[in-house]
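All values reported here derive from a predicted model rather than from experimental measurement.
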Amino acid sequence: MDKWSVHIDRLIRLDGRTEDEIKKVIQWCQKDSFWMTNILSTKKLREKFDTLFLQMNNERTKKGYGRGKQFETNTEKIMDSMDSIQRFLEMEEEDG
């Protein structure tokens, strides 16, 4: 879990991505028949985020998604990581 959280934290804190952008890219890439087999960790998600974001927003690439078995498992792990990061950030804010 910690390994997954580190890269989501970096996407938010260092790369300036919003939670909404990250969630949309995760959902999109896990429906895409090519990317769902290539984005299997948050490390790879961060490495390829700009490419994924651009392709997601390109209307020509929005046709013909496949949905794979890994979609639910990977999405759950990533969302759990994001929840952990959010709780951590809230605790830091409370501590000042």
### Message
Just so I know, are the side chains of W35 and K48 near enough to count as touching, which here means a heavy-atom distance under 4.5 Å?
### Response
yes

### Message
So, using side-chain contact (heavy atoms from CB on, under 4.5 Å) as the criterion, who are the partners of Q86 when residues are at least two apart?
### Response
E19, E90

### Task
Taking all heavy atoms of M56 and all of K24, pick out the closest pair and write down the distance.
SD-O, 3.6 Å

### Query
Do D32 side-chain atoms and F34 backbone N/O form a donor-acceptor pair below 3.5 Å?
yes

### Task
Taking the side chain as every heavy atom from C-beta outward, state whether L45 and L11 have any atom pair closer than 4.5 Å.
yes

#### Entry: Approximate separation, where rounding is to 0.5 Å, of S41 OG and H7 NE2
6.5 Å

### Query
Backbone N or O of T18 within a donor-acceptor pair of the E21 side chain at under 3.5 Å?
yes

### Task
Apply salt bridge (charged side-chain N to carboxylate O under 4.0 Å, His left out) to D15 and R10, showing your working.
CA-CA 6 Å; D15 302 342; R10 290 176 182 166; over 6 Å; no

### Message
If we ignore hydrogens and angles and just use 3.5 Å, is the side chain of N58 paired with the main-chain N or O of L54 as donor and acceptor?
### Response
no

### Message
What I'd like to find out is whether the side chain of W28 reaches to under 4.5 Å of the side chain of F53, using heavy atoms alone.
### Response
no

### Query
side chain to side chain contact (heavy atoms under 4.5 Å, CB included) with F49: which of I39, T42, I22?
I22

### Task
Could you check I8, V25, D50, I12 and say which one makes a side chain to side chain contact (heavy atoms under 4.5 Å, CB included) with R17?
D50

### Message
Test side-chain contact (heavy atoms from CB on, under 4.5 Å) on L14 and R46; report intermediate values, then the result.
### Response
CA-CA 11 Å; L14 300 177; R46 183 171 183 235; 4.1 Å; yes

## Note on the structure
On a heavy-atom basis, the closest approach of S5 and I85 is O-CD1, 2.9 Å

### Summary
Interatomic distance, CD1@I26 vs CD@Q30, rounded to 0.5 Å, equals 8.0 Å

